[in-house]
Amino acid sequence: EVAWVTKSGDGDLAKPIAVRPTSETIMYPAYSDWIQSHRDLPLKLNQWSNVVRWEFKYPTPFLRTREFLWQEGHTAHATFDDADDMVMKALDLYRRVYEELLAVPVVPGYKTEKEKFAGGFRTTTVEAYIAGSGRAIQGATSHNLGQNFGKMFDITFQNEKGVSEVAWQTSWGLTTRTIGVMVMVHGDDTGLVLPPRVAPVQVVIVPINSKKFTPEESAPYCMEIFKDLQAAGIRAKLDDRSLYNPGWKYNHWEQKGVPIRVEVGPRDVENKSARIVIRHSGEKKDMQVDGMGESLKATLDTIQEAMFTKAKEARDSHVVKVTDWKDFVPNLEKNNLVMTPWCGGEHQEWEEKVKEKSREESLQARGEDAEDEKTATSVAAKTLCIPFDQPELPAGTKCIISGLDATCWCLWGRSY
């Protein structure tokens with residue numbers, strides 16, 4: 001569903017203008033001109049742009065907004081296999097962004113026919129889980145478009161034998177939603193908790209100044225620590241502002257999610273040490289300033305791993321296998337993601353049945369008649385993906401809703 005501009009000032013436009021939800025229809029006429037021969041392939045372009053989505057009524061800040069900035073890649077290839085290889089490379093890049101940079105575990109998999117990108121051949125996805133709300137969220141998608149858009153926009157090329165063929169295409173996108181996911185997965189009641197690899201400031205140094213320990217006395221010692229951290233490649237900041245007391249600064253940098261705080265008091269100067277405070281765990285320890293840069297560099301790596309492990313354990317503890325429908329909604333009510341035997345992603349009617357039935361039973365369990373039409377977070381379950389990593393499926397296992405023979409395991413959940 002697309003937003004259309006129909007007026008300009010007081011007048012109606014002769015032709016309405018669509019506000020793009022994605023850029024295929026803008027870019028592909030140019031692809032048709034640019035691609036003539038197999039020598040022009042593969043063509044791989046990436047752009048950052050703002051797009052507008054109109055298929056939902058009520059937005060959710062950070063996670064599902066009307067307009068958002070995203071990166072979208074569009075490629076064209078000579079063969080299906082080359083295109084599919086590109087799809088998987090893009091998806092793995094997204095997995096690495098979430099897991100290796102943002103410390104957010106994701107489940108890679110295929111979207112069902114009902115949930116795939118309209119007009120595409122097949123959609124892959126990485127799905128994240130937010131423990132605080134018990135909801136899943138689509139992290140990023142990578143689409144094998146097949147030849148559908150090539151036929152629509154006449155994107156053809158002469159192969160090595162001089163025969164005309166339709167190009168195979170892909171598109172893939174990652175949005176600023178990633179920031180919202182990271183904030184919700186790691187944040188706490190004190191504020192942000194940032195993974196070290198993406199934290200703008202990784203270590204902040206706060207001198208504990210007083211009448212007995214003046215800024216003039218603390219400055220050389222703190223600057224020595226600051227330079228050592230910088231030399232180790234750490235993004236460090238020395239907060240020597242005199243307008244604010246140390247307690248205010250602690251609170252400020254905790255809200256900002258800075259991974260490590262270094263506190264420097266008069267005893268620390270005497271002992272050639274400093275107090276180290278870890279944001280994500282609250283751990284406090286004293287550390288010698290000699291070699292502190294390298295020590296804290298290793299500590300940042302440890303924090304990154306610990307944050308990922310904590311998020312993964314929280315996610316894994318809320319993924320349950322269910323083979324009987326009576327256990328489906330009760331597990332949703334426990335904020336779980338549900339892995340069930342499924343008759344296949346092509347069965348859209350049974351997928352819709354699960355959505356309707358889970359909504360009905362969830363409302364009944366809560367003693368409610370209907371959902372607020374303004375809600376952006378439905379109690380109904382939807383398919384998240386058919387995971388690439390499939391548990392063993394015993395022969396004769398039945399689909400949880402249709403009773404047909406199951407062909408795969410499917411991951412369900414309430415989603416943003």
Side-chain angles (χ1 to χ4, degrees), residues 96-105 178-179 182-183 185-210 213-242 244-313:
R96 292 180 61 202
V97 167
Y98 274 102
E99 297 194 340
E100 296 176 19
L101 297 182
L102 304 180
V104 173
T178 52
I179 300 170
M182 177 196 68
V183 168
V185 167
H186 300 303
D188 58 23
D189 289 345
T190 304
L192 298 176
V193 181
L194 297 182
R197 287 181 188 159
V198 296
V201 177
Q202 295 172 309
V203 179
V204 62
I205 304 163
V206 179
I208 308 172
N209 293 135
S210 64
F213 187 54
T214 65
E216 290 74 23
E217 291 175 291
S218 65
Y221 190 79
C222 290
M223 185 54 68
E224 181 184 334
I225 296 174
F226 177 69
K227 289 181 178 177
D228 185 36
L229 298 183
Q230 283 197 316
I234 293 171
R235 296 187 291 277
K237 183 176 181 64
L238 170 57
D239 189 349
D240 55 4
R241 293 175 292 176
S242 58
Y244 304 104
N245 63 39
W248 188 95
K249 292 178 183 178
Y250 296 168
N251 183 63
H252 174 76
W253 293 112
E254 283 178 354
Q255 283 187 334
K256 295 283 188 182
V258 173
I260 298 176
R261 183 172 74 242
V262 177
E263 303 171 4
V264 177
R267 288 184 183 177
D268 297 309
V269 176
E270 292 174 12
N271 298 327
K272 294 291 182 184
S273 66
R275 171 60 63 92
I276 307 302
V277 183
I278 308 299
R279 173 66 180 90
H280 90 98
S281 65
E283 178 191 356
K284 298 180 181 181
K285 60 183 177 182
D286 293 322
M287 182 179 288
Q288 293 296 303
V289 294
D290 184 31
M292 182 177 282
E294 290 303 320
S295 295
L296 288 187
K297 192 172 183 181
T299 301
L300 289 168
D301 288 338
T302 301
I303 292 170
Q304 183 82 25
E305 292 173 12
M307 288 181 67
F308 177 78
T309 299
K310 181 181 177 182
K312 188 174 187 300
E313 287 175 351

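- When atom types are taken as modelled, the side chain of Asn271 and the backbone of Ser273 share no donor-acceptor pair closer than 3.5 angstrom.
- With hydrogens and angles ignored, the 3.5 Å screen pairs no side-chain donor or acceptor of Gln230 with any backbone N or O of Arg235.
- In this structure, the separation between CD on Glu224 and CG on Asp228 is 7.5 Å, given to the nearest 0.5 Å.
- Looking at Pro196 and Met307, their side chains come closer than 4.5 Å, going by heavy atoms from C-beta outward.
- If you take OH on Tyr221 and CD1 on Ile205, they are separated by 10.5 Å, rounding to the nearest 0.5 Å.
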Run the numbers on Val183 and Val193 for side-chain contact (heavy atoms from CB on, under 4.5 Å), then give the verdict. CA-CA 7 Å; Val183 168; Val193 181; over 6 Å; no
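- Contact check for Met182 versus Val198: side-chain heavy atoms found under the 4.5 Å cut-off.
- Using a 4.5 Å heavy-atom cutoff, the side chains of Leu296 and Ile234 are in contact.
- To the nearest 0.5 Å, atom CD of residue Glu294 and atom CG of residue Leu229 are 10.0 Å apart.
- Looking only at side-chain heavy atoms (C-beta outward), Pro207 and Leu238 come within less than 4.5 Å of each other.
- Taking every heavy atom of both residues into account, Gln202 and Gly233 meet most closely at OE1-O, 4.2 Å.
- Without hydrogens or angle criteria, Glu263 side chain to Val206 main chain gives no donor-acceptor distance under 3.5 Å.
- In terms of heavy-atom proximity, Leu194 sits nearest to Pro200 at CD1-CD, 3.8 Å.
- Rounding to the nearest 0.5 Å gives a distance of 10.0 Å between CD of Gln288 and NZ of Lys272.
- His186 places no side-chain N or O within donor-acceptor distance of the main-chain N or O of Phe308, the cut-off being under 3.5 Å.
- Among all heavy-atom pairs drawn from Ala236 and Phe226, the shortest one is O-CE1, 3.4 Å.
- A distance of 5.0 Å separates CH2 in Trp253 from NZ in Lys237, rounded to the nearest 0.5 Å.
- Judged purely by atom type and a 3.5 angstrom limit, Thr214 has no side-chain atom pairing as donor or acceptor with the backbone of Ser210.
- Contact check on Arg261 versus Asp239 returns no salt bridge, with no Lys/Arg side-chain nitrogen under 4.0 Å from an Asp/Glu carboxylate oxygen.
- Listed here is the closest heavy atom pair of Lys249 and Asp240: NZ-C, 3.9 Å.
- Using a distance-only test at 3.5 Å, with no hydrogens or angles considered, a donor-acceptor pair links the side chain of Asp268 to the main chain of Gly265.
- Atoms NZ and CZ, on Lys285 and Arg275 in that order, are 11.5 Å from each other to the nearest 0.5 Å.
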What do the steps show when you test Asp188 against Arg279 for salt bridge (Lys or Arg N to Asp or Glu O under 4.0 Å), and what is the final call? CA-CA 10 Å; Asp188 58 23; Arg279 173 66 180 90; 2.8 Å; yes
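- Between the side chain of Arg197 and the backbone N or O of Glu100 there is at least one donor-acceptor pair closer than 3.5 Å.
- Using a 4.5 Å heavy-atom threshold, the side chains of Cys222 and Ile225 count as separate.
- Between Ala103 and Ala311, the shortest heavy-atom contact is O-CB, 3.8 Å.
- Closest of all the heavy-atom pairs between Val264 and Ala274 is CG2-CB, 4.3 Å.
- Looking at heavy atoms from C-beta onward, Asn209 lies out of side-chain contact with Pro246 at the 4.5 angstrom threshold.
- Contact check for Ile276 versus Met292: side-chain heavy atoms found under the 4.5 Å cut-off.
- Counting non-hydrogen atoms of other residues, nucleotides and ligands closer than 6.0 Å to CZ of Arg267 gives a total of 12 or fewer.
- Not one N or O on the side chain of Gln255 forms a donor-acceptor pair closer than 3.5 Å with the backbone of His252.
- Side-chain atoms of Val277 and Val262, non-hydrogen and from C-beta on, never get closer than 4.5 Å to each other.
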